[in-house]
Peer 1: 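Let me give you the structure first, and then I'll get to my questions.
In what follows, chains are A, B, ... by sequence order, proteins preceding strands, each numbered from 1. Note that the structure is a prediction, hence the values are computed from the model and not measured.
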Amino acid sequence: MLDKKYNHLLVEEGKYDNWLSHHYFECGDTSKKPYSIVIPPPNVTGKLHLGHAWDTTLQDIIIRFKRMQGYDVLWVPGTDHAGIATQAKVDAKLKNMGINPRQIKREEWLKYAWSWKDEYHDNIKKQWAKLGLSLDYTKERFTLDAGLSETVKHVFVTLYNDGLIYRGEKIINWDPEAMTALSNEEVIYKDVPGAFYHIKYMLKDSNDYLEVATTRPETLFGDTAVAVNPSDERYKDLIGKTVILPIVNKEIPIIGDEHADPSFGTGVVKITPAHDPNDFEVGNRHNLERIIVINPDGTMNEKCGKYKDMDRFQCREELVKDLKDANLLIKIENITHSVGHSERTNAMIEPYLSKQWFVKMRPLADRVLENQKNKDTKVNFIPPRFEKIMNHWMEITYDWCISRQLWWGHRIPAWYKGNDVYVGINPPEGDGWVQDEDVLDTWFSSALWPFSTLDYLDNSPLYQRYYPNNVLVTGYDIIPFWVNRMTFQALYFTNSRPFEKCLIHGLIRDKEGRKMSKSLGNGIDPMDMIEKYGADALRFYLTTAVSNGMDLKFDEESLKSTWNFINKLWNASRFVLMNIEDINEEPLNLKKVDKWILTRYNDTIKNVTKYMDKFELNNAGNEIYNFIYNDFCDNYIEFAKFSLEDNTTKMTLKEVLMGILKMLHPFMPYVTDEIYSKIPNINENIMISNYPLSDKKNIFKNEEQEVSDLIEFIRIYRKTYQENHLDKSIQVKFNNDRDYELIKKILKIQNVVNSNLNIASYNVSYKEYDVTIYYEKEQTVEDKLQLQKDIESLKASIKKRQGLLENQNFVSKAPAELVQKETQKLEEEKLELKKLEERVN
RNA sequence: GGGCGAUUAGCUCAGUUGGUUAGAGUGCUUGCCUUACAAGCAAGAUGUCAUAGGUUCGAGUCCUAUAUCGCCCACCA
């Protein structure tokens with residue numbers, strides 16, 4: 001027997017280990033149809049947050065649903081080495097230990113990193129278990145695993161041989177703190193206060209000057225020209241002349257280039273090809289020298305004279321002071337401009353000329369765009385609007401910088417000897433070859449995740465059976481980083497989309513709608529919520545709170561009320577279990593209330609399944625919720641209390657409860673397992689039971705209507721009873737020979753009379769149910785007001801409906817069925833009005 | 001500058017191919033310890049569906065503008 005109160009701690013304890021020990025999570029039954037999902041691998045940098053809990057619960061619900069539907073499901077767990085993020089954490093830890101991370105050998109550093117990985121990976125696994133995720137751990141992967149690393153190498157080498165990976169010297173995003181290159185996606189632009197420094201660039205042999213406005217005066221050491229627009233009347237005659245670079249006192253040319261916008265600033269641009277992507281292009285067009293003036297750590301280099309070794313910001317300050325002293329500074333104009341920051345370290349990005357490896361994106365992106373036009377092979381986003389994000393990215397994308405100056409990651413399979421470059425899976429023969437020190441962008445390996453995890457290289461049975469994945473679940477913020485890249489890599493290497501569907505959810509925010517972040521201190525640990533309310537409550541809340549693709553404002557009160565719902569389920573189950581101990585498996589003799597609940601139940605199965613198929617888990621969850629509360633608890637159980645000795649009642653209670661538990665199981669695996677296991681004569685575990693199917697034989701539309709009317713009648717009766725402050729002394733007359741037995745019991749009617757009484761009365765009727773309540777009390781003023789109000793609203797409704805039906809357009813154009821329904825409603829309302837008006841007199 | 005989303009009850013959110021009294025949770029009011037559950041039950045009140053036009057017999061839903069909030073992308077010498 002169940003305890004009186006639901007206790008999530010007791011219910012959830014030990015269940016996960018039990019599931020594991022029975023190998024329920026493992027795939028491989030080839031008699032069934034396969035269904036696969038790979039988990040978005042969390043970073044091994046820390047704890048899982050609420051967003052992970054949401055994302056993984058969605059997947060677990062789909063997986064459990066499909067498993068119960070009879071699929072051979074595979075949900076691949078795994079973690080991501082998260083190059084720059086993890087390296088930053090490991091470095092910080094080493095610094096804490098008094099070790100300078102750059103002073104130790106790479107091999108030694110990697111030992112620390114791997115032990116970090118082990119520790120955090122264990123944490124993550126514990127959290128997955130707490131959440132109840134049915135992951136197949138026999139297939140677990142890590143992005144730096146040997147197998148995955150081989151795939152990474154294969155992909156790199158293949159793309160290189162196909163001319164889609166190249167090494168080149170370009171302006172890249174440089175993070176001076178992590179001291180590595182970054183891709184465009186890893187740069188976050190923020191509006192920050194800054195200034196336009198207006199500087200005099202003196203014309204050679206003249207007292208005249210060009211006014212150059214720049215936000216980054218410290219880069220002037222790298223200036224190799226100033227540019228004006230060739231069509232700019234103010235300056236076009238100066239093209240070809242020279243100016244003196246301030247402070248440096250070097251001559252540089254004035255060039256004409258379209259890049260200079262006459263309407264922006266002063267119309268004169270200093271050109272620093274090594275420190276600005278646009279200037280780099282200008283430099284290429286005019287064959288300008290590229291002078292790097294900043295060190296990788298953000299300090300000024302030897303090209304900067306006395307400013308050498310100063311930090312770039314300090315240099316700016318000093319330089320501006322000196323320009324002012326030299327009377328070369330015209331003015332400082334304060335502005336707000338957007339400046340790139342490193343996603344990980346938040347350091348201001350330095351556009352930096354550097355030799356890096358790139359993926360040539362155009363051909364790969366075009367293939368995605370082409371494929372998305374084919375409805376049979378495209379990636380189907382849910383909701384569909386997110387496809388636009390991918391397509392837009394594919395249209396504007398440019399070459400992807402994939403080399404990172406880090407230690408934690410896949411080493412680039414390239415070797416150098418003098419000017420020779422060798423790219424291959426294995427090191428080249430012969431002496432003197434030195435491997436590239438750099439590693440690949442984390443997302444390079446993540447992009448292969450849907451197939452690298454399935455042993456793609458070996459064309460393994462796993463790969464053949466479970467690829468492509470059926471669905472990928474992730475947040476919309478990850479589409480550019482990950483979904484897009486998985487898609488082009490999959491198309492190129494597997495000749496297939498990586499997954500048929502891509503279910504997109506939003507971000508979790510706090511109650512005020514702000515992003516959860518460490519700096520705001522508004523983060524919530526899912527483990528704390530599980531401790532307080534249970535994983536089941538957390539899972540149900542997260543997956544039913546909002547519709548797909550929308551952000552979720554986390555509200556602990558709502559989570560608490562989900563706990564209440566589970567407690568309700570618990571108690572309803574308790575009631576059923578108390579009454580079915582002596583159940584007999586005999587043929588059924590269905591009463592009309594049994595037929596009613598079975599009809600509602602089968603409709604619910606149909607609707608829930610429909611929503612589950614569409615991944616509208618919020619609608620599915622709410623559908624079950626409403627069925628449990630409104631139909632099962634509030635009505636059927638109340639009806640059943642009067643026929644508990646009837647074996648058919650027991651059978652119906654049992655069947656419906658089992659179905660409820662099964663439908664809820666994907667959402668709340670623990671409590672449904674607990675209750676299901678207490679049902680007599682059940683030996684299977686709920687997670688491998690069959691998902692309920694809607695059965696036409698159990699749909700009784702007439703009885704459903706009849707009992708629905710009865711329920712409505714009961715409500716109206718209670719309303720009359722309560723609003724008129726009636727008490728048990730009332731006498732009730734049933735005005736026709738319908739079956740009032742159940743009504744009598746439910747409404748606890750004690751005194752029944754057979755003929756009219758000559759005292760005050762109310763008439764209560766709905767459809768064919770019609771009773772008169774006699775009472776010995778005067779109507780109060782409030783009672784009369786209420787009656788008058790009801791009459792007025794009914795009159796308004798009748799008037800509106802009459803108008804509608806008199807409208808010839810409506811009658812002729814609307815479906816006949818609808819017109820008939822309206823006509824019928826009008827008749828009912830008129831009848832009701834008559835009754836109410838009788839009460840007034 | 002380009003795009004996306006949101007705007008519905010005090011709050012948090014649903015709302016299907018347009019169908020006529022717009023739903024849920026929570027909160028609020030009133031009455032109940034009715035032996036599954038007071039963490040509960042019963043009944044109730046609360047909406048110009050952001051604004052303005054349009055299409056339609058009929059619009060929360062479709063179209064066109066506008067406003068406010070949020071996000072993404074691009075540019076920013």
Side-chain angles (χ1 to χ4, degrees), chain A residues 2 4-6 184 189 191 194 196-197 212-216 219 226-227 259-261 264-272 276 278-279 282 335-339 383 385-386 388-389 392-393 395-396 476-477 479-480 506-507 509 511 513 544-547 549-555 557-558 560-579 610-611 614 616 618-619 622 625-626 629 633-634 637-638 641 714-716 718-723 725 746 748 786 793-794 796-797 800-801 804 807-815 817-818 821-822 825 829:
Chain A
L2 299 180
K4 193 167 174 182
K5 202 183 273 185
Y6 164 57
N184 295 338
Y189 285 87
D191 280 339
F196 254 144
Y197 300 89
V212 174
T214 178
T215 54
R216 305 215 44 206
T219 62
V226 294
H259 168 60
D261 177 357
F264 192 90
T266 59
V268 186
V269 196
K270 69 198 240 345
I271 301 298
T272 323
D276 182 281
N278 290 314
D279 293 4
V282 176
I335 56 161
T336 299
H337 60 158
S338 120
V339 177
R385 65 173 185 271
F386 290 102
K388 285 182 204 156
I389 295 183
H392 182 241
W393 188 89
E395 279 159 16
I396 62 160
Y476 60 72
D477 54 325
I479 294 172
L507 306 176
R509 301 175 178 280
K511 233 184 142 187
T544 57
V546 291
S547 51
M550 303 301 290
D551 288 351
L552 187 155
K553 282 185 206 166
F554 188 83
D555 177 15
E557 282 303 306
S558 303
K560 205 169 157 187
S561 84
T562 304
W563 188 97
N564 290 351
F565 167 52
I566 302 179
N567 188 51
K568 181 79 179 176
L569 170 74
W570 181 266
N571 276 290
S573 306
R574 184 164 172 264
F575 174 83
V576 174
L577 293 174
M578 278 166 64
N579 289 293
K610 179 188 80 188
Y611 286 132
K614 294 201 291 188
E616 290 177 16
N618 59 322
N619 289 331
N622 287 323
Y625 180 100
N626 289 329
Y629 257 103
C633 293
D634 291 348
I637 285 184
E638 293 306 319
K641 283 176 181 171
I714 290 169
R715 187 187 64 80
I716 293 170
R718 282 171 170 157
K719 183 180 170 184
T720 307
Y721 188 91
Q722 286 193 23
E723 280 178 354
H725 310 105
I746 290 276
K748 299 188 172 31
Q786 181 61 45
S793 83
L794 198 54
S797 177
K800 195 172 168 189
R801 209 176 297 279
L804 182 67
N807 181 340
Q808 279 313 304
N809 275 323
F810 174 74
V811 176
S812 59
K813 292 187 183 176
E817 202 183 329
L818 188 69
K821 213 171 90 187
E822 289 300 317
K825 268 191 188 170
E829 281 177 344

Peer 1: How would nucleotides 14-26 of chain B be written as a contact map, 5' to 3', with B for base contact, S for sugar-phosphate-only contact and - for no contact, using protein heavy atoms under 4.0 Å?
Peer 2: S-B--BBB---SS
Peer 1: How long is the straight-line distance from CG of A/Leu507 back to CG of A/Asp551, given to the nearest 0.5 Å?
Peer 2: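 It comes to 4.5 Å.
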Peer 1: Residues in ring-ring contact (aromatic ring centres under 6.0 Å, His included) with A/Tyr611, at least two apart?
Peer 2: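 If we apply the ring-ring contact (aromatic ring centres under 6.0 Å, His included) test to A/Tyr611, skipping adjacent residues, there are no hits.
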Peer 1: Taking atom P in both B/U35 and B/A42, compute the distance separating them and give it to the nearest angstrom.
Peer 2: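 That atom pair is separated by 14 Å.
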Peer 1: With P as the reference atom in both, quote the distance from B/G23 to B/U29 in angstrom, rounded to an integer.
Peer 2: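 That atom pair is separated by 23 Å.
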Peer 1: Can you tell which of B/A43, B/C4, B/A39 lies closest to the side chain of A/Lys388?
Peer 2: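 So the nucleotide nearest the side chain must be B/C4.
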Peer 1: Whole-Å distance between B/A74 C1' and A/Tyr189 OH?
Peer 2: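 For the pair A/Tyr189 OH and B/A74 C1', the rounded distance is 10 Å.
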Peer 1: Could you check A/Val212 against A/Tyr476 and say which one's nearest nucleotide on RNA chain B is further toward the 5' end?
Peer 2: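 Closer to the 5' end of RNA chain B: A/Tyr476.
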Peer 1: When the C1' atoms of B/U16 and B/C4 are considered, how many whole Å apart are they?
Peer 2: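 Those two atoms are separated by 23 Å.
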Peer 1: How far, in whole Å, is B/G18 from B/C28 if one measures between their C1' atoms?
Peer 2: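 Rounded to whole Å, the distance is 34 Å.
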Peer 1: Report the residues that fulfil salt bridge (Lys or Arg N to Asp or Glu O under 4.0 Å) with A/Lys560, sequence neighbours left out, ordered by chain and then residue number.
Peer 2: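 Once residues adjacent in sequence are excluded, A/Lys560 has no partner under the salt bridge (Lys or Arg N to Asp or Glu O under 4.0 Å) criterion.
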Peer 1: Once pairs are restricted to Watson-Crick or G-U wobble with both distances under 3.5 Å, how does RNA chain B read as a dot-bracket string, [ ] for crossings and | for other-strand pairs?
Peer 2: (((((((..((((.....[...)))).(((((.......))))).....(((((..]....))))))))))))....
Peer 1: May I have the distance from A/Lys553 (atom NZ) to B/A6 (atom C1'), rounded to whole angstrom?
Peer 2: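 It is 9 Å, rounded to the nearest whole Å.
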Peer 1: What integer number of Å spans the C1' atoms of B/G15 and B/A52?
Peer 2: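 Per the computed distance, 24 Å lies between those C1' atoms.
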Peer 1: Taking atom C1' in both B/A22 and B/U48, what distance in whole Å separates the two?
Peer 2: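 Here B/A22 and B/U48 have their C1' atoms 13 Å from each other.
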Peer 1: Taking the C1' atom of each, how far is B/U68 from B/U56, in whole Å?
Peer 2: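 Straight-line distance between the two C1' atoms is 30 Å.
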Peer 1: Which is true for A/Lys511 with a 4.0 Å heavy-atom rule: it touches a base, it touches only sugar-phosphate, or it touches nothing?
Peer 2: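 Nothing, no heavy atom under 4.0 Å.
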Peer 1: What is the distance, to the nearest angstrom, from the CG atom on A/Asp261 to the C1' atom on B/A77?
Peer 2: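 Interatomic distance, CG of A/Asp261 to C1' of B/A77: 10 Å.
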Peer 1: Among residues at least two apart in sequence or on other chains, which ones pass ring-ring contact (aromatic ring centres under 6.0 Å, His included) with A/Tyr6?
Peer 2: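 By the ring-ring contact (aromatic ring centres under 6.0 Å, His included) rule, A/Tyr6 matches A/Trp563, A/Trp570.
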Peer 1: Whole Å only: how far is the CH2 atom of A/Trp563 from the C1' atom of B/A39?
Peer 2: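 Rounded to the whole Å, the gap is 6 Å.
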Peer 1: So, is A/Arg715 close to the B/G44 phosphate, meaning a side-chain N or O under 4.0 Å from OP1 or OP2?
Peer 2: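 Indeed, a polar side-chain atom of A/Arg715 lies that close.
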Peer 1: Starting at the 5' end of nucleotides 29-36 of chain B, put B wherever the base has a protein heavy atom under 4.0 Å, S where only the sugar-phosphate does, and a dash everywhere else.
Peer 2: -------B
Peer 1: Would you say the side chain of A/Tyr197 lies within less than 4.5 Å of the side chain of A/Arg216, judging by non-hydrogen atoms?
Peer 2: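 Answer no - side chains too far apart.
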Peer 1: Taking atom C1' in both B/A50 and B/U61, compute the distance separating them and give it to the nearest angstrom.
Peer 2: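 16 Å, rounded to whole Å.
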